Amino acid sequence: MSNTLATVGNWIITDEEIDCSKVLHDPNYVIPVDRLLEVGPGERNQVYDWLVHFAEKAISKGDIYTFNTAFLLAATLWELPLDVQKLKNSMLMQNEVL
C-alpha cells in the first residue's frame, strides 16, 4: 500500500505514483515514479511527455496547471534528476498546445 506524500488539487502524490484518477475519471490512471520523466517520441524527445500529454487531453487548464505543480513536487519528493532544458521545452510546447 502506498503512502500519500502530498495532494495538489486533484492530483495525489504517493511514494509510488501520481494518482490521476480524480481528474481523468479512471481509477487505473496513474503515473509511476519510474515513468514521470519519460520523454516522448520524435519531436518530443526533448520534452517531458506527461506535461504535453495532459495539455492535449480534454481536461481544464486549471487541472493542467495544477499538474505542473504536482509534477515538480513529485520529482522533488522522489529525488528525480530534472533536466532544466527539457522542463523549459515542455512548458513551451505545453503552452503551444493550450
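Quick caveat, the model's predicted, so the values are computed rather than measured. Residue numbers run from 1 in the order of the sequence given.
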**Report entry** Smallest separation among heavy atoms of Ile13 and Ala70, with atom names
**Finding:**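 What the structure gives for the nearest pair is CD1-O, 3.5 Å.
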* Asked: If you draw a 6.0 Å radius around NZ in Lys22, do more than 12 non-hydrogen atoms from other residues or ligands fall strictly inside?
  ->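 Check fails, neighbour count at 12 or below.
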inquiry  = Distance check, rounded to the nearest 0.5 Å: Thr76 atom OG1 versus Leu82 atom CG?
reply    =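 So the gap between those two atoms works out to 6.5 Å.
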Original post:
In Å, rounded to the nearest 0.5 Å, how long is the span from SG of Cys20 to NE2 of His25?
Top reply: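 Going from SG on Cys20 over to NE2 on His25, the span is 12.0 Å.
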Does the side chain of Leu72 reach to within under 4.5 Å of the side chain of Leu87, using non-hydrogen atoms?
->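 In contact.
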query = With distance as the sole criterion, is a donor-acceptor pair present between the side chains of Asn68 and Gln94 under 3.5 Å?
reply =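 The answer is yes; a qualifying pair exists.
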| What are the two closest non-hydrogen atoms of Tyr48 and Ser90, and how far apart are they? |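 The answer is N-OG, 2.7 Å.
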| said: Hydrophobic cluster membership, with links at side-chain heavy-atom distances under 4.5 Å among I/L/V/M/F/W/Y: are Ile59 and Leu51 in one? | reply: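 Yes, Ile59 connects to Leu51 through the hydrophobic network.
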Give the table of side-chain donor-acceptor pairs shorter than 3.5 Å for residues 31-39, with sequence neighbours excluded, one pair per line with atom names and distance.
residue	atom	partner	partner atom	Å
Arg35	NE	Glu38	OE1	3.3
Arg35	NE	Glu38	OE2	2.8
Arg35	NH2	Glu38	OE1	3.1

Membership question, hydrophobic clusters at under 4.5 Å side-chain separation (ILVMFWY): are Leu92 and Leu98 in the same one?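 Looking at the clustering, Leu92 is in a separate group from Leu98.
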Please determine whether the number of non-hydrogen atoms from other residues, nucleotides or ligands lying under 6.0 Å from atom CD of Gln85 exceeds 12.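 Result for CD/Gln85: enclosed.
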Check your understanding: Roughly how far, to the nearest 0.5 Å, is CH2 of Trp11 from CZ of Phe54?
Key ->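 So the gap between those two atoms works out to 4.5 Å.
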- Task: List, by chain and then residue number, the residues other than Val97 in its hydrophobic cluster (Ile/Leu/Val/Met/Phe/Trp/Tyr, side-chain heavy atoms under 4.5 Å); write none if there are no others.
- Result: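 Besides Val97, the hydrophobic cluster comprises Val47, Val52, Met93, listed by chain and residue number.
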**Prompt:** Going hydrophobic residue to hydrophobic residue with side-chain gaps under 4.5 angstrom, can you get from Leu80 over to Val8?
**Reply:**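 Result: yes, single cluster for both.
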* Smallest separation among heavy atoms of Gly62 and Thr66, with atom names ->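 So the minimum-distance heavy-atom pair works out to O-OG1, 2.7 Å.
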How long is the span from the CD atom in Glu16 to the CG atom in Leu5, to the nearest 0.5 Å?
->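 Glu16 atom CD to Leu5 atom CG measures 10.0 Å (nearest 0.5 Å).
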Worksheet entry | Geometric class of the Tyr29/Trp50 ring pair [parallel <30°, tilted 30-60°, perpendicular >60°] |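 Because their plane-to-plane angle is over 60°, the rings of Trp50 and Tyr29 count as perpendicular.
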**Request:** Measure the spacing between CD1 of Ile12 and OG1 of Thr14 and express it to the nearest 0.5 Å.
**Result:**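 The distance works out to 9.0 Å.
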Contact check, side chains of Phe67 and Ile18, non-hydrogen atoms, under 4.5 Å: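 Side-chain contact under 4.5 Å: yes.
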